[in-house]
Amino acid sequence: MRKPLAKDALRQLAEQHGVCVRPLALRRTDTETGVTEVVEVPCGATLAAKCKPCAERGRRLRIQQIREGWHLADEPAIRPEHPSEDVLSLVRVRAHMEFEREALQYQPMHPDERAAQLVDLDQGISELDEALAATDLRGHLTPRERTDRPRRKRSTKRRQDSPDLPRLPVDPRTVGRAYAGRAGKTYRPSMLVTLTLGSHGPVHSHFRRGAYVAPCECGQRHGPHDDVLGTPVDPAGYDYRRAALDSIHFARVLDRWWQNVRRAAGWNVQYAGAVELQRRLAPHAHFAIRGTLPRRLLKQIAAATYHQVWWPAFDEPVYTVDRPPVWDVEEQAYVDPKTRQPLTPWSHALDELEESDARPAYVARLGRIDARGIEQGTKDAERSIRYVTKYVTKDLTDQAKPRSEAQKAHFDRLHAELSVLPCSPTCANWLLYGVQPDGVKAGLTPGRCTGKVHQRSTLGFTGRRVLVSRQWSGKTLADHRADNRAWIRAILAGGMADTYPADEDQGDEHGQDQAAADNPQRYRFELARPEDPDVLPLEHRILRAVSARIRWRTDLDAARQRASGPVSATAAPLSPAA
């Protein structure tokens with residue numbers, strides 16, 4: 001039993017050489033020649049538990065993205081292309097159809113005839129919208145639903161218990177200030193900011209200041225790997241409900257934070273960061289900010305940032321998980337199991353919030369903020385980038401897995417609180433508080449909502465793990481991948497140019513790629529079935545990919561050695577993510 005497994009050896013070898021361990025087999029059909037072949041693409045997983053090589057490749061790509069955009073000296077050039085004449089013609093036809101639909105309402109005819117013509121016209125509009133969706137236009141030309149329910153408006157007046165913030169007109173610039181130093185040197189510093197939630201109660205912590213270890217709230221000094229770290233000092237007095245609600249709404253608090261930062265700073269602040277879990281199982285975020293802001297202003301913004309949850313009150317549960325409301329077929333609603341009275345509908349519960357004395361169900365706020373300056377091109381900058389992306393390949397709870405009984409009890413208690421709190425207007429847990437969920441239907445079981453908020457792998461946080469502003473580097477991840485491929489092709493061609501090498505030097509594969517770029521509709525892709533005769537078993541495909549990767553890496557290293565002259569910092573990729 002001590003002998004190593006053959007599949008483990010294959011997986012370890014594939015991970016060493018950066019080969020995907022679960023590639024997808026796609027069948028590519030050339031619509032012009034009719035030639036069909038099986039091609040393999042990486043799975044593209046972002047978690048190391050699923051595919052470590054793909055997750056690590058994605059992490060290196062994020063490192064490259066953060067490094068390129070952190071200390072930009074010039075504004076990123078993002079100029080959308082003008083729509084083609086074919087797209088404009090489709091939009092023109094769509095405008096005529098919208099005019100005809102409105103004019104149909106005023107033409108004298110029988111209501112049944114008008115309804116029939118409206119159905120035909122709406123069908124034509126839907127087909128035209130599908131044609132517009134197939135073009136290169138971003139977004140939607142019109143709302144998806146013509147009969148959207150009116151949005152409920154809330155007051156935008158700031159809360160009296162929150163400090164006021166300076167509100168300046170936002171300048172469209174995204175580059176921070178530059179400072180002149182000695183000997184004509186220019187400094188363009190940026191910042192690394194950490195945002196945390198407020199305290200939900202004292203927890204066992206390890207504070208180290210040099211060689212001195214500060215005592216914890218319990219009066220003892222804990223080691224860095226103590227089994228009680230992150231657990232409450234007083235579990236009975238720890239506010240698990242507020243901790244769970246803060247985790248659920250942390251993503252919206254971050255969104256409101258960045259809105260307040262840009263309004264208070266007066267310019268379009270750009271950021272790139274990631275969300276992680278602390279030892280106390282509360283989410284916190286690390287952000288790289290381009291440019292600098294006064295620390296006093298950042299702390300003022302953190303103190304004034306909040307998110308109001310305008311939901312019906314859910315302070316005290318009316319029912320229990322063991323005895324929930326029951327579904328009534330005649331009423332088409334959930335009713336009290338004893339009185340058979342229907343629960344409050346969702347729309348009626350929201351109508352009560354329109355009263356002048358209405359209060360939000362919960363207010364989520366930020367806690368402590370840490371900010372420090374980072375200089376470009378220093379070891380501190382590289383260390384900070386890797387610190388931000390340290391856990392992006394792991395699941396949210398993988399970095400804070402409980403080890404001791406105290407940590408497991410803390411984890412289970414927080415998850416138990418999350419399992420009975422509402423996560424959205426359609427959550428089944430609203431039945432516990434006497435309210436019909438939005439879009440109520442039969443089969444809802446409170447305490448067993450399938451939303452990601454209630455899962456043990458998220459512990460309440462369901463927002464995006466990696467947050468990058470749109471004008472951070474002026475490029476998407478696809479653009480960064482294209483830059484890396486262009487650099488590799490230039491190296492293999494024997495030069496260090498930024499452009500693609502000659503097509504004839506790349507062989508048939510590059511010619512096919514160029515043909516696909518010229519005619520995107522030429523190839524048709526579909527998933528190949530494992531039982532197809534031309535699809536090799538997974539182990540054979542991984543072995544072949546490992547050999548191809550080793551040969552490719554050898555050719556690349558040899559080409560880099562043959563390249564004459566020093567490698568340009570702008571020509572070389574900033575990360576081996578390719």
Side-chain angles (χ1 to χ4, degrees), residues 148-155 159 161 200 236-253 306-365 412-456 458-463:
D148 284 342
R149 290 179 295 180
R151 182 179 179 182
R152 296 178 181 268
K153 297 182 179 180
R154 304 296 180 190
S155 175
R159 295 178 59 90
D161 55 355
H200 308 116
Y238 193 80
D239 196 345
Y240 281 98
R241 184 179 185 275
R242 192 162 63 88
L245 289 173
D246 284 345
S247 298
I248 294 174
H249 302 286
F250 183 63
R252 293 188 177 272
V253 177
Y306 61 87
H307 169 65
Q308 299 185 116
V309 183
W310 288 100
W311 285 349
F314 52 92
D315 296 332
E316 296 293 336
V318 181
Y319 304 95
T320 61
V321 177
D322 299 333
R323 295 183 178 180
V326 296
W327 177 257
D328 192 308
V329 179
E330 297 181 357
E331 295 286 345
Q332 287 295 301
Y334 286 89
V335 299
D336 187 279
K338 294 182 179 179
T339 64
R340 310 302 295 183
Q341 292 294 324
L343 304 185
T344 304
W346 179 259
S347 59
H348 293 178
L350 291 185
D351 291 339
E352 298 178 359
L353 298 178
E354 301 295 335
E355 303 293 336
S356 58
D357 57 345
R359 296 290 183 269
Y362 186 72
V363 180
R365 300 178 183 273
D412 294 338
R413 180 66 183 84
L414 180 59
H415 179 259
E417 191 69 32
L418 285 166
S419 63
V420 296
L421 286 175
C423 63
S424 65
T426 59
C427 182
N429 290 339
W430 282 112
L431 299 176
L432 300 177
Y433 303 94
V435 179
Q436 307 270 3
D438 190 17
V440 63
K441 60 182 179 180
L444 298 180
T445 305
R448 295 185 179 180
C449 178
T450 58
K452 292 184 178 180
V453 164
H454 312 288
Q455 298 178 5
R456 296 179 67 90
T458 61
L459 278 185
F461 181 81
T462 58

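- Between Pro312 and Leu353, the shortest heavy-atom distance links the atoms N-CD1, 4.2 Å.
- Looking at every heavy atom in both residues, Ala364 comes nearest to Val253 through CB-CG2, 3.6 Å.
- The closest donor-acceptor contact from the side chain of Thr458 to the backbone of Lys452 lies under 3.5 Å.
- With sequence neighbours excluded, the residues satisfying ring-ring contact (aromatic ring centres under 6.0 Å, His included) with Tyr238 are Tyr240, His410.
- Applying the side chain to side chain contact (heavy atoms under 4.5 Å, CB included) test to Pro324 and every residue at least two apart in sequence or in another chain returns Pro446.
- Of all heavy-atom pairs between Trp430 and Ser424, the closest is NE1-O, 2.8 Å.
- A heavy-atom distance below 4.5 Å is found between the side chains of Leu444 and Pro437.
- The two atoms that bring Ala361 and Trp311 nearest to each other are CB-O, 3.4 Å, heavy atoms only.
- Side-chain contact check for Ser347 versus Leu350: every heavy-atom pair is 4.5 Å or farther apart.
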Report task. Could you please spell out the steps behind the side chain to side chain contact (heavy atoms under 4.5 Å, CB included) verdict for Val363 and Val309? Result -> CA-CA 6 Å; Val363 180; Val309 183; over 6 Å; no

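- Rounding to the nearest 0.5 Å places CG of Leu432 at 12.5 Å from CZ of Phe314.
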Requested in this report: Could you walk me through whether Val420 and His454 pass side chain to side chain contact (heavy atoms under 4.5 Å, CB included), step by step?
Outcome: CA-CA 8 Å; Val420 296; His454 312 288; over 6 Å; no

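- Remark: Arg359 pairs with no residue by the salt bridge (Lys or Arg N to Asp or Glu O under 4.0 Å) rule, at least two apart or across chains.
- For Asn429, the side-chain hydrogen bond (donor to acceptor under 3.5 Å, both in side chains) test picks out no residue, with sequence neighbours left out.
- Of the possible donor and acceptor atoms, none in the side chain of Glu354 sits under 3.5 Å from a partner among the backbone N and O of Asp351.
- When the ring-ring contact (aromatic ring centres under 6.0 Å, His included) test is applied to Tyr334, the partners found at least two apart in sequence or on another chain are Trp327.
- In terms of heavy-atom proximity, Leu343 sits nearest to Gly434 at CB-O, 3.7 Å.
- By the salt bridge (Lys or Arg N to Asp or Glu O under 4.0 Å) test, Arg252 is found to be paired with no residue, residues two or more places apart in sequence or in another chain being considered.
- Partners of Ala251 by side chain to side chain contact (heavy atoms under 4.5 Å, CB included), not counting sequence neighbours, listed by chain and number: Phe461.
- Residues forming a side chain to side chain contact (heavy atoms under 4.5 Å, CB included) with Val453 (at least two apart in sequence, or on another chain): Ile248, Leu418, Cys423, Thr462.
- Using a cutoff of 4.0 Å between basic side-chain nitrogens and carboxylate oxygens, Arg365 and Asp161 are scored as salt-bridged.
- Ring-plane geometry between His307 and His249 is classed as tilted, the angle between the planes lying from 30 to 60 degrees on a 0 to 90 degree scale.
- Asp315 and Tyr362 share no side-chain donor-acceptor pair at under 3.5 Å.
- Summarising the geometry of Asp438 relative to Thr426, their closest heavy-atom pair is O-CG2, 3.3 Å, with the distance given to 0.1 Å.
- Here the side chains of Arg159 and Pro360 are in contact, with some heavy-atom distance below 4.5 Å.
- Counting only residues at least two apart or in different chains, salt bridge (Lys or Arg N to Asp or Glu O under 4.0 Å) contacts with residues 421-434 are absent.
- Applying the 6.0 Å contact sphere to CZ of Arg448 captures no more than 12 heavy atoms from other residues, nucleotides or ligands.
- By the side chain to side chain contact (heavy atoms under 4.5 Å, CB included) test, Pro317 is found to be paired with Tyr433, residues two or more places apart in sequence or in another chain being considered.
- Listed by first then second residue, pairs satisfying side chain to side chain donor-acceptor pair (under 3.5 Å) with a partner in residues 414-423 read Arg413-Glu417, not counting sequence neighbours.
- For the salt bridge (Lys or Arg N to Asp or Glu O under 4.0 Å) condition, the pairs that include at least one residue of residues 322-341, sequence neighbours left out, are Asp328-Arg340.
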